[in-house]
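Below you'll find the structure, written out as structure tokens, and then a few comments.
Computed from a predicted model, the values in this text were never measured in an experiment. Every heavy atom of this structure was used, including side-chain atoms; hydrogens, water molecules and symmetry mates were not. Proteins get letters first, then strands, A, B, ... in listed order; numbering begins at 1 in each.
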Amino acid sequence: MRDTLIIMRFDLLTASPFAVRGFILVAMLCVWMGLFYAPITLAFIVFGALPFVLPLNGVADRSDFAKLYGVIPISRRNITRGRFIYIFAVFFLTELAEIAFAVISHTLNLSRLLPDRNSALMEYVKYAFEKEATTLLVVFVLFTAVCIFVAYMEMMVQIFGAENLFRIMTASVLVALGVFAAYCMCEMTGHGIVYSFGINYYIVNLLDYLEYTIPFGIALNIIALVLCLVFGRITARRLSKREL
Amino acid sequence: MENILEINGLCKTYGDFSLKSVTFSLPKGYIMGFVGQNGSGKTTTIRSILNMAKTDKGSIKIFGLDSVKDTIAVKERLGVVFDSLYLAEHLSVKQLERQIRPFYKEWDTKEFFRRISEFGLPDSKSVGTFSKGMKMKLMIAVALSHNAELMILDEPTSGLDPVARDELLDILTEYIANENRGVLFSTHITADVERIADYVTVLHNGKVWFTGTKDELTEKYAVLKGAEKYLPDGLREKLIGFHAYRNGFEALISTDDLRGLPDKLEYEKASIDEMLVYIAKEDKNEGHSDNNEV
């Protein structure tokens, strides 16, 4: 665990010079929008956290980290695992901040202070502050989607190389589209999850209530964590067969 | 004498290149120059020592520990300098210190910054802007700040100006003053080896051509010159890198074979550089090379 934390710290210090300013800017913009106009915009802070992860492979290539990894007294497996836990931690901490601001935003409802309360725009603003569960749902879903996507891409880039990024993206999008098309076909022919398991819009609408949204969000977080760990394990296993 | 590094029967194949049963050892308290022409297998051997390359056969022991099974314990006590910087180039020395510090249990921040100031390195400038000599000094400062007992340097002087090379050799001489330490120093600039090494291992086409003390090596071979007609019968086959000119020949000869030579043939002490040149010529004479290299 100590080694994993050291590697996470190493990655954070590597990416910080590229990430901090941009993150603060995005966060400030989203918080301002979230507090006054639409709490849902708080979910977009997660995109501001991307520079804490995305430059790492480029820096590693440019700065010849393969040699560094061969020199430091940390096992290669822990170096790889550390990167995936770091990815989860970056987005998870961002998500926590988003949740905190979402709660503050819905509690304070600062849109009350805005002028022209009766304008058409303000009708939308009022509506945006009505459903806290929806805000949290978007935060959870966006966090999970971004975290899993970034961890997946990290795995693919580490295994197949950054030079194959375009091919990896194309193949991944095609596979995702294929799965989605198959799912749609199943639903249309009456064999899909919604039909088979009796999930209908009534159940989906339960997510509009906090008592259902929060367990759903926790489940998404656990899924994201498990997938990050699995991707890390697969990557570590594949890389351990290679030389530095 | 206790060995700080022992390599026994190291074999490793990379496509059409292979290390063939590389065996040598470095006793504590000494500097070993690890020489050979480009592509002779020096870097592959060093990568094997660092467990960066997987070996096919053989064993490597560092501080008496296995380089693969005990790799973490070994790396705690190892300082490594490569020919190029392996640290994040966009960070400053201060930021790098914060990054590297947790890796080593015996990291000494004061010692690190003492070295940085001694080497005259700016601590707030990004290290990517440093000259090659400055980057080399930075890697040495890292290696010296966690109490490394063995320093491994892979071609550290290549591309350095004479002043920077001289400084580096002085640092190594100062480092080895502690007799519990050792230095393995790979280079193809043999003048550096002649200046500071106690032991020399010459690698050629993936094989150890010589390993022993520097004095043994320099006393073991000589350059023989003269007219070919004066060569006694049977000696021609013993010569290494025989090269005939219009007025005579030149070749490397073992000093054991010097006895009983005619006065018409002259010989002089061979430098390590000359030895490398003659063993490369010998390959050409034989018309082949084991690793498809000259």
Polar side-chain atom of [X] near backbone of [Y] as donor-acceptor pair, under 3.5 Å:
X     : Y     : value
B:H90 : A:V59 : no
A:R9  : B:R98 : yes
B:Q99 : A:F10 : yes
A:S63 : B:Y86 : no

Looking at [X], I'd like to know if its [atom1] atom is crowded, meaning that more than 12 non-hydrogen atoms belonging to other residues, nucleotides or ligands lie closer than 6.0 Å.
X      : atom1 : value
A:F149 : CZ    : no
A:R233 : CZ    : no
A:R77  : CZ    : no
A:R238 : CZ    : no

Locate the shortest heavy-atom distance separating B:Q95 from A:P17; write the atom from each residue and the value.
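Between these two residues, the closest heavy atoms are NE2-CG, 4.5 Å.
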If you look at every heavy atom in B:M52 and A:G70, which pair is closest and at what distance?
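So the two residues come closest at CG-CA, 3.6 Å.
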Using non-hydrogen atoms and a 4.5 Å limit, figure out which bit of A:A66 sits close to chain B: side chain, backbone, both or neither.
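Just the backbone, heavy atoms under 4.5 Å.
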Chain B contact via A:R242 - side chain, backbone, both or neither, heavy atoms under 4.5 Å:
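Just the backbone, heavy atoms under 4.5 Å.
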Where does B:L50 contact chain A at under 4.5 Å (heavy atoms): side chain, backbone, both or neither?
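Looking at B:L50, backbone and side chain both touch chain A.
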Region of B:R77 that comes under 4.5 Å of a non-hydrogen atom in chain A
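Neither; nothing under 4.5 Å.
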Find the one option among B:L87, B:L96, B:N51, B:V80 whose heavy-atom pairs under 4.5 Å with chain A are most numerous.
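Among the listed options, the one with the most contacts to chain A is B:L87.
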Could you measure the distance from the OG atom of A:S240 to the NZ atom of B:K54? Nearest 0.5 Å is fine.
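Reported to 0.5 Å precision, the distance equals 5.5 Å.
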Can A:I7 and B:F103 be said to form a side-chain contact (heavy atoms from CB on, under 4.5 Å), step by step?
CA-CA 9 Å; A:I7 286 297; B:F103 289 140; 4.0 Å; yes
Salt bridge present between B:D83 and A:K67 (N-O < 4.0 angstrom)
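So B:D83 pairs with A:K67 through a salt bridge.
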Toward chain A: residues of residues 126-147 of chain B with heavy atoms under 4.5 Å
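Listed by number, there are no contacting residues, so the answer is none.
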Residues 56-72 of chain B: residues contacting chain A (heavy atom under 4.5 Å, by number)
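Near chain A, by residue number: B:I72.
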Matching residue for B:F82 among A:V71, A:L68, A:D64 - test: side-chain contact (heavy atoms from CB on, under 4.5 Å)
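Only one of A:V71, A:L68, A:D64 forms a side-chain contact (heavy atoms from CB on, under 4.5 Å) with B:F82, namely A:V71.
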